[in-house]
Amino acid sequence: MPGFPDLQDQFNQLGVSHVRLHDIFGPGDIENDASTTDTTSQLLLAVPSSEKKRAATFIADMMNKRAIFPHAHEGMRKHDGTLAASNPNWQPTDYYITKTMQNIESLNPGHIRRDVMFRIGRSFGGGANAPADIDIYADLIGEAVKRYSADISLSGIPRKIAYWEIWNEPDLLIFWGGNAATFYEMYEKVARKIKSIDPTAKVGGPGVADGENGTGAYTKGLVTYCQKNNVPLDFLSWHYYAHLTTDPGKFATCAKVQRTLLDRYGFKSAESICSEWNITPFASIENATKVQTSQNAAFIAASFITMNRCSVDKAYYYRGDAGFLGLFNEEPNYLNPKYNGFSTYAAQAFGLYKEMFGTPNLLASPDYSNKDFYILSGRGTNAVNVLVAHFRKDVSLAAAASPPPNKKYYRQYYVDSGRKYEEITDDWSREHWLGEVKADENADNADSTPPSSGDTPSSAAPTDDPASEPAAPVSASPFVKATSNGVVVTVKNLPTRTPLLEVRRVKDKGNLGVILPVVDNRGVTVKTSGTTITITDPNATDYTVSHYSIIW
């Protein structure tokens, strides 16, 4: 959307390898029926009061006119498939998916492969009514599958889309106004349509809002319906927001509920996917700041660590962008003005977790979560990495109206509605906002500079392949002792060579000019004895994320 930054460089540094299309206000949506008078959009929260009415109209226009099938609603109401499929608008979606998958070489030295989950449905505010003609709706989705999965030459995207998620949060009336029986009918027809066009595609859903509920109409009800009627179900998707408890351990609870449900009804090979998660789902001025603080950075890292300990196959953070509840904002970087708004503490938690990719062989780590420490460790060919999140549960961190912990509010991006949809006429804007460029021409246009890209650093992402990595020369074993004054990290069975230690940390008042915090060993003491190294770190205090890399 106009007013928001291009984050390709940041995404490469975050280590993001999979993106779910959702709430992108047009691109990726089969159809939308957004109202120009709807003022509930998250995008409006930071808009000045004097501009909200105009911005609401602009957002609705962008949502409706950038959707794939502009005549779908009318055609389905009239049960006229030809009308519903007429004059499809593929360009915004072609462009969006291509830009997501096809990274610019200069911004992607680690050659990150980024894939896409296509979420079938509408953006938030695009309408909650069930499709008026489900057969026509399934046919429309079939056209998208042809273009983005069966024959990608039609769209020019770099590779096929493998995952197709049917709908979003049908257990909430704001997203599904129909009943469960109608949903089952829609799911079955859409799933069979997708499989008829691309048998290798993975289909699933429905992204239920309540990930702890294993008995509801859209969890157990859907799974049993699929079993009884032999309907494809390659993955079951669910959401978890921690606003009621701020407990990262609840991810394990949700994962067990969903995995047990799938296994019980014969879907043992189906994946369990958390397709949305965050500390809170409630967008507010207060929460927009709180999800970007060091407090939430610790929650993010603790959640990553928890999900490594349980049966979650994929997890999609909501949101990764610069929208409300996102990872990026427009806050000035006072420590390094050159990188204004480049990162947040939440994004830095991703940066530290990405470093664990370099040591993909997970090691047994003690569970100190009941003492507010969350620990993950792994080894590679010449290193052991240990990630420690110190997170203290506090529901005020997720309350929509309570102020940020330090009472400081971060400046957020908001939609630029200075022009009406029809007034977007310059070439750059029509390419980037409306997708008016052929997909195979994107490489020639990829280096056009977005309005707020800035001068940003790049760092290579780890390229270790766990499947092909040779065994490490030693079997290192870590022991982390959580204390009231930080942590003591002990790693045994290392080579006798003196190791190099690098400590990186996410903490309040840290430098936000980079996503990967710089090495800072200050205050950390190291002792070596034979094949054992002991690291004492008094700086791993409340709401910090610490990463220890021991290299030999």
Okay, side chain of Asp115, backbone of His18: is any donor-acceptor separation there less than 3.5 Å? no

Say whether Arg20 and Asn168, considering side chains only, have a donor N or O and an acceptor N or O under 3.5 Å apart. yes

In the structure I gave you, are the side-chain heavy atoms of Tyr316 and Met117 within less than 4.5 Å of one another anywhere? yes

When you check the gap from the basic side-chain N to the acidic O, do Asp520 and Arg522 get nearer than 4.0 Å? yes

Arg504 versus His547, side-chain donor and acceptor atoms under 3.5 Å: no

Whether the side chain of Ser377 engages the backbone of Val386 through a donor-acceptor N/O pair (distance < 3.5 Å, no angle test) should be reported. no

Side-chain heavy-atom pair Leu397, Val291 within 4.5 angstrom cut-off: no

Have Glu271 and Tyr163 got a donor and an acceptor in their side chains that come within less than 3.5 Å? yes

Does a donor on one side chain sit under 3.5 Å from an acceptor on the other, for Thr531 and Asn493? no

Any Ser546 side-chain heavy atom under 4.5 Å of Asp537 side chain: yes

State yes or no: are the ring centers of Trp277 and Tyr317 separated by less than 6.0 Å? yes

Polar side chain donor-acceptor pair, Trp552 to Thr498, under 3.5 angstrom: no

With no hydrogens and no angle check, just 3.5 Å: does a side-chain donor-acceptor pair link Gln292 and Asn296? no

Main chain of Val503, side chain of Asn521: is a donor-acceptor contact present, judged purely on distance under 3.5 Å? yes

Under a plain distance cut-off of 3.5 Å, with no hydrogens placed, do Asn308 and Tyr353 share a side-chain donor-acceptor pair? yes

Could Asp263 and Lys268 be called an ion pair, given the rule that one side-chain N must be under 4.0 Å from one carboxylate O? no

Please determine, by modelled atom types, if Lys290 and Ser402 share a side-chain donor-acceptor pair under 3.5 angstrom. yes

Under a 4.0 Å threshold between the charged nitrogen and the carboxylate oxygen, would Glu331 count as salt-bridged to Lys408? yes

Looking just at side-chain N and O atoms, do Gln348 and Ser343 make a donor-acceptor pair shorter than 3.5 Å? no

